[in-house]
Structure formats: C-alpha cells, structure tokens
Amino acid sequence: MDNQLYIHNTLSRRKEPFEPINAPFAGMYVCGPTVYGDPHLGHARPAITFDLVFRYLQHLGYKVRYIRNITDVGHLVADLDEGEDKIAVKARVEQVEPMEIAQYYADRYFVYMDALNVKRPSIEPRASGHIIEQILMVKQILDAGYAYIVNGSVYFDVEKYSKTYNYGQLSGRVLEDLMANTRSLEGQDEKQHPADFALWKKAQPEHIMRWPSPWSDGFPGWHLECSAMSTKYLGEYFDIHGGGMDLLFPHHESEIAQCQAAIGHESVKYWLHNNMVTINGQKMGKSLGNFITLDEFFTGTHASLVQAYSPMTIRFFILQAHYRSTLDFSNEALQAAEKGLKKLLAGYETLGRLDPSPPTPTPLTGGEERLYPSPPTPLPGGEGRIATIQRECYQAMNDDFNSPMVMANLFESVRIINSAADKKDTLSSQDLELLKQIFNTFLFDILGLKDEKVNDQHELLDGLMKLVLAIRQKSRETKDWGTSDQIRDTLQKLHISVKDGKEGSSWNID
RNA sequence: GGUUUCGUGGCCGAGUGGCUAGGCAGCGGUCUGCAAAACCGUCCACAGCGGUUCGACUCCGCUCGAAACCUCCA
C-alpha cells in the first residue's frame with residue numbers, strides 16, 4: 001500500500017510526493033481575508049480546503065505550524081481615488097476608525113470560520129502588526145538592487161529582476177506580454193515599467209492608515225505582508241504556501257520575486273491553489289457583487305436562497321468537490337449536500353446501535369432449494385471488505401486530498417451499515433470497530449464534519465424520549481393509533497422524527 | 001489579445017486507456033397499522049470532428065463553448 005502523500009504543486013503543475021523540508025515539522029502559509037466585509041461563501045473555500053490539509057498533515061503525524069494572515073492594512077483601490085486605502089474608504093463612509101472596521105470584520109471572520117469547524121491556525125498575524133518587518137524587507141530588496149525610490153514610494157524593479165530570475169514562473173506569464181497588455185495610466189505613473197509593483201507607497205494627505213518609514217509616511221505594498229510574515233514565522237524556506245487561484249497572479253508571483261530578491265533564493269517548496277466557487281457559472285466575488293455571505297446562508301436570508309443551510313451543510317458542500325475544481329452553487333446542490341450529510345451522520349448513529357453478529361453460517365442467498373446444509377463459508381467480502389474501504393480512504397487523501405473520494409467510501413460504509421441494520425448483512429465485532437474507526441478518523445477528524453444537533457442536554461433528552469416512546473409503544477400494542485400518532489405528530493412539530501422499525505422505534509432530531 | 005484551466009447523465013460532482021464512482025432527484029419493488037427511514041432493482045453520460053491504439057470518456061490535434069487571471073478580489 002502506497003502511504004506516500006502526493007500534492008499538486010502549481011509551480012510544476014503536477015503532483016509531487018510531499019517531502020517536508022524538516023520532518024517531522026511542516027510549515028504552511030495561507031493567504032487569509034482582507035477584513036473589510038462580511039465573510040462569504042468564497043472565503044469558506046480556502047479556509048476549509050487548507051483546514052483539510054492542516055488536519056490531514058496532523059493526522060499523518062506532522063507537527064504543523066499553520067500561518068494564516070489577516071490583511072488589515074488594505075490594498076490599493078484602482079477604480080476609486082488613486083492610492084487610496086480600501087479600509088480607509090469604508091471608514092470615512094461610516095465615520096469610524098479604520099482599525100475598528102478591521103477589528104469588527106476580523107471578529108466576524110473568526111466566528112463564521114469557527115461555525116464551519118475550521119480549526120484555528122497556529123498563528124494569525126496581522127499585516128498592521130508587522131510594519132517593521134515589511135520595512136526591513138523593502139530595505140533588503142533595495143540593498144539587493146531590485147527596487148527604486150520615487151517621491152517617497154518604493155517600487156520593485158520587475159524588469160531588472162527578470163534579467164536574472166524568471167518573473168512569471170508560477171503563473172506562466174511572459175514579461176513582454178505583460179508590457180504589451182498593460183496600457184492604463186502610464187503617463188502619470190511613477191513606475192519605470194508597467195509590470196513593476198509597489199513595495200512601499202507614500203500616503204496621500206487624506207490617507208488615514210499610515211506608518212513612518214525611511215522613505216515617507218505611508219503604507220506597505222500589496223504583496224509585501226505575506227512575504228514578510230511567512231519569512232518571520234516559517235523561515236526563509238518553508239513547505240506549503242496556499243491560497244485562492246485568483247491570487248496566483250500577481251500576488252503570489254510577486255511574493256516569489258520579493259523573497260528571491262530579499263533572501264537570494266526560493267522560499268516556498270509547494271504552492272497549492274484552491275479553485276473558485278461559482279454562481280451561475282461565474283466566480284462569486286466581492287467585485288462582481290454576486291456573493292452570498294455565510295450569515296445569509298446560515299439564516300436563509302438572501303433572495304437566491306430557498307432555505308437556510310447549516311454550517312456543516314456548507315462544509316460538506318465544499319468538501320464534496322475536489323479543491324482544484326470549480327464548485328457551482330445552487331439550491332439543488334446544497335439541498336443534496338444537506339441530505340447527504342444527514343445520511344452519513346445517521347449511518348454513524350446506526351453503527352453505534354449495531355450488535356456484532358455471531359459467526360453464523362451463510363444466510364440463505366438466492367433462495368434456491370438446498371439439498372444439504374451449506375458449509376459455514378465466510379460472507380462475501382468479510383472483514384477484508386471494511387479494510388478495503390479504509391485503505392481507499394487513505395489512498396484518496398494521499399492523492400492530493402481527494403475528499404470526494406473519501407466521501408464516496410463513507411457512503412459505501414453507510415450502505416453496509418444499513419444492510420446490517422436490516423439484517424441483510426452481518427458484521428463482526430472487528431468490522432464494527434473498524435467502521436467506527438473509519439468514521440472517527442475520516443468523517444470527524446479529517447473532513448472535520450460533525451453532528452450539529454448534539455448538545456449538552458443530550459442525556460436528559462435521551463431519557464425523556466425513552467419514556468415518551470415507551471408510552472407510545474404501549475398505545476401501539478393496544479392499537480390505540482390515535483394516541484400513537486398524536487405523540488409522533490407532536491414530536492414532529494418539535495422537529496423530532498420517530499421511525500418505527502422491527503426492533504422498536506427510534507428517534508432523530510431533524 | 002496573452003496566460004492558465006475546463007466542458008461527464010435531470011442537478012452537484014469523482015475517476016480511469018478495456019472493469020458500477022458517489023450524493024440528490026426519478027422510476028419499480030420489499031418492509032410498514034399509516035408514515036418516515038432503510039434495503040433491493042432500475043433509467044439517464046462522458047461538447048463536436050478527426051487521429052494514435054486491438055480498444056478512448058480517458059492520449060494527440062482541430063472546432064465550438066465556458067471560466068479564472070492580466071486591476072482590489074478567497
């Protein structure tokens with residue numbers, strides 16, 4: 001069995017064996033949110049994707065330091081006033097401190113990511129808290145000769161850089177093409193070359209967010225924070241850098257250039273990029289205004305939503321697609337996710353109630369008349385069948401985190417569990433143990449899904465329900481269907497479903 | 001225009017050179033006081049046209065269509 005984890009490296013555009021630089025330690029940096037708006041479905045995708053990576057690496061025994069930044073300095077806005085800070089714009093509109101806005105939305109982000117059962121990263125550094133490190137890196141790049149100063153701003157010299165290094169190695173871009181296709185605002189621009197980008201930007205008088213530097217009172221450039229903070233916390237060469245595909249160019253390309261220029265060598269071994277969530281075939285994003293916030297999903301308060309969808313439904317929905325594929329939003333797809341998740345969780349509950357079958361002779365299969373007793377042959381599959389599922393789950397995860405394949409295997413497990421519950425299949429105590437282990441490992445620990453209805457009152461509720469169902473059972477035995485149905489209907493109104501089976505009634509919170 | 005990628009059944013989505021992905025929905029059964037759930041069976045597929053091959057949905061080429069990036073965006 002191949003235990004090697006393979007991950008798709010955007011740099012090489014192929015799957016490569018994951019070999020940490022400094023095992024058993026592994027370092028991972030992921031581009032986090034710019035906190036100037038409520039988190040939407042698009043934010044959930046990278047958070048959950050790299051949560052999956054984080055969880056699996058930990059499961060494999062790596063000691064992972066996972067860094068996800070909070071961008072609270074803001075980026076330049078091109079379509080508004082030149083050189084203005086995104087967060088500053090919003091702050092003026094709402095008449096509050098810019099950092100207050102950042103704090104508010106950062107808090108919101110944490111709350112919604114917690115709801116999605118996304119584990120908190122090891123460190124969540126803020127750009128505003130690392131101005132010194134960023135200034136230091138600008139100096140390093142200046143010293144190395146790959147930047148120039150104009151009117152208090154510092155720009156990265158892409159043209160010079162590309163004479164020695166390959167600017168475009170990540171995105172497959174060619175500098176000449178970038179030249180030919182960047183056509184706007186060249187006259188008033190301070191840049192020597194259209195492809196150059198800011199490392200430090202002098203603040204305009206109305207610009208609120210600003211810090212002193214050797215060059216001007218200003219703010220760091222678009223791409224610098226990630227280079228500075230990843231280097232600070234993970235070192236000059238680390239394992240994984242992740243983010244959305246939309247960040248590939250120019251953000252990540254520029255990060256590579258910055259680190260190369262400042263440090264003198266590559267800084268990232270594996271680049272991972274998650275694909276976009278689409279809506280009607282288009283990217284769901286801030287700029288298009290077609291995003292649906294997580295809050296709107298959880299409460300069902302958005303014109304496009306026919307109902308509310310729970311955090312775990314959203315998580316399931318995202319994990320049922322491979323992270324490098326686009327994922328199309330629709331109510332139908334989310335409802336399918338909701339039902340699928342429910343089925344998996346119900347399967348796990350059923351598993352907990354199953355008694356191991358004694359080693360019985362082969363049950364009557366086929367129904368043909370038998371002239372003599374059949375020998376006690378092992379059942380089809382037997383214990384190897386469960387072990388195969390477990391192995392395939394690992395193979396799926398090892399194949400670039402193929403969560404949809406893991407889910408398919410879990411559904412196969414549910415089918416087996418339900419068959420056993422229906423007495424159409426038998427499972428040994430070892431089978432049951434292994435199944436429990438598979439669910440705990442893959443469904444709960446690695447995929448990070450959980451049963452949302454479990455709460456502190458569970459024991460009390462359980463006791464009450466046993467009582468209620470015992471009373472109902474009595475009424476059923478006397479064929480008092482009126483009482484029996486009254487109990488069931490009333491419980492249903494409280495969102496508790498009662499199901500009558502051969503072995504008595506069971507209940508479930510919807 | 002350039003770069004990157006994609007086009008799978010009613011919907012969402014895996015995957016592979018020859019063997020059922022899976023979920024949801026549909027249909028037919030079993031079970032059941034009724035219901036729900038579950039189980040069994042079943043329908044619907046690989047954009048189009050060429051090429052390579054004993055054989056392609058899977059490789060190659062072209063055509064058509066779509067997306068992301070080239071400006072802040074997860």
Side-chain angles (χ1 to χ4, degrees), chain A residues 10 13 30-34 36-37 39-47 49-50 74-80 86 168 170-174 176-178 180-182 184-185 194-195 222 242-251 253 273-278 281-288 291 316-317 320-322 324-341 343-344 346-347 350 392 396 399 402-412 414-415 417-419 421-425 476 479 481 484-485 488-489 492 497-502 505-506 508:
Chain A
T10 311
R13 300 188 190 286
V30 174
C31 291
T34 302
Y36 69 112
H40 60 76
L41 187 59
H43 293 101
R45 185 118 199 233
T49 295
F50 293 103
H75 291 298
L76 298 171
V77 185
D79 54 338
L80 294 170
K86 213 180 241 176
L170 185 67
S171 56
R173 255 158 252 255
V174 182
E176 287 70 47
D177 297 333
L178 292 172
N181 291 296
T182 312
S184 60
L185 302 169
W222 320 349
M245 265 182 189
D246 49 353
L247 297 177
L248 225 148
F249 189 90
H251 185 56
E253 195 71 70
H273 290 94
N274 64 274
N275 215 318
M276 303 291 105
V277 176
T278 58
Q282 262 200 330
K283 171 185 165 183
M284 181 181 283
K286 192 95 183 160
S287 54
L288 290 165
F291 61 92
F316 182 100
F317 171 68
Q320 56 112 22
H322 184 85
R324 283 190 293 109
S325 299
T326 55
L327 172 61
D328 202 46
F329 153 84
S330 69
N331 279 285
E332 238 181 327
L334 278 168
Q335 284 165 344
E338 185 180 76
K339 289 189 181 174
L341 173 64
K343 186 170 175 175
L344 283 183
T350 305
E392 289 190 357
D399 184 15
N402 194 331
S403 51
M405 271 300 256
V406 173
M407 286 189 178
N409 278 289
L410 290 174
F411 278 110
E412 173 64 13
V414 170
R415 202 186 55 72
I417 290 164
N418 285 331
S419 291
D422 266 22
K423 308 288 182 202
K424 286 176 179 163
D425 198 345
R476 293 182 73 215
K479 295 198 193 300
W481 305 126
S484 162
D485 288 351
R488 189 177 61 195
D489 294 346
Q492 188 60 64
S497 309
V498 175
K499 298 163 199 161
D500 299 329
K502 278 179 187 162
S505 305
S506 64
N508 229 331

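Residue numbers begin at 1 in each chain, while the letters A, B, ... track the order of the sequences.
- A:S506 meets the side-chain hydrogen bond (donor to acceptor under 3.5 Å, both in side chains) test with no other residue; sequence neighbours excluded.
- Evaluation of the side-chain contact (heavy atoms from CB on, under 4.5 Å) rule for A:A336 yields no partner, not counting sequence neighbours.
- OP1 or OP2 of B:rU5 has not a single side-chain nitrogen or oxygen of A:N275 nearer than 4.0 Å.
- Using a 4.0 Å heavy-atom cutoff across all strands shown, A:L327 reaches sugar-phosphate atoms only and no base atom.
- Listed nucleotides B:rC12, B:rA38, B:rC40 differ in distance to A:S419; the shortest reach to its side chain belongs to B:rC40.
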Distances for protein N or O near nucleotides 22-30 of chain B N or O, under 3.5 Å:
residue: B:rA25; atom: OP1; partner: A:K339; partner atom: NZ; Å: 2.9

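- Across the interface with RNA chain B, nearest-nucleotide mapping of A:R13 and A:G243 shows A:R13 to be the residue nearer the 5′ end.
- Applying the side-chain hydrogen bond (donor to acceptor under 3.5 Å, both in side chains) criterion to A:Q320, with sequence neighbours excluded, gives no partner residue.
- Residues passing the side-chain contact (heavy atoms from CB on, under 4.5 Å) test with A:P46, sequence neighbours excluded: A:F50, A:N274.
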Worksheet item: Which dot-bracket string describes RNA chain B (Watson-Crick N1-N3 plus N6-O4 or O6-N4, or G-U N1-O2 and O6-N3, all under 3.5 Å; [ ] crossing; | other strand)?
Response: (((((((..(((.....[...))).(((((.......)))))....(((((..]....))))))))))))....

Please tabulate, one pair per line, each protein N/O and nucleotide N/O from nucleotides 65-69 of chain B that are separated by under 3.5 Å, including the distance.
residue: B:rC69; atom: OP1; partner: A:K283; partner atom: NZ; Å: 2.5
residue: B:rC69; atom: O3'; partner: A:F249; partner atom: O; Å: 3.4
residue: B:rC69; atom: O2'; partner: A:R173; partner atom: NH2; Å: 3.3
residue: B:rC69; atom: O2'; partner: A:F249; partner atom: O; Å: 3.1
residue: B:rC69; atom: O2; partner: A:R173; partner atom: NH1; Å: 3.2
residue: B:rC69; atom: O2; partner: A:R173; partner atom: NH2; Å: 3.2

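- Residue-level contact check: A:G172 touches the backbone only, with heavy atoms under 4.0 Å from sugar-phosphate atoms and none from bases.
- The side-chain hydrogen bond (donor to acceptor under 3.5 Å, both in side chains) test applied to A:S484 returns A:R472, not counting sequence neighbours.
- In this structure A:D422 satisfies the salt bridge (charged side-chain N to carboxylate O under 4.0 Å, His left out) test with no other residue, sequence neighbours excluded.
- In this view, A:A47 and A:R68, A:Y109, A:M113, A:V118 satisfy the side-chain contact (heavy atoms from CB on, under 4.5 Å) rule, not counting sequence neighbours.
- Side-chain contact between A:L344 and A:F411 is present, with heavy atoms from C-beta onward closer than 4.5 Å.
- Between the side chains of A:T326 and A:N275, not a single donor N or O lies within less than 3.5 Å of an accepting N or O.
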Worksheet, complete the sentence: Reading nucleotides 32-37 of chain B from 5' to 3' and marking B where a protein heavy atom lies under 4.0 Å of the base, S where only the sugar-phosphate is that close, and - otherwise, the string is -BBBBS

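- Distance check on atom C1': B:rC57 versus B:rG18 gives 12 Å, rounded to whole Å.
- Looking at residues two or more places apart in sequence or on another chain, you find a side-chain hydrogen bond (donor to acceptor under 3.5 Å, both in side chains) between A:D399 and A:K15.
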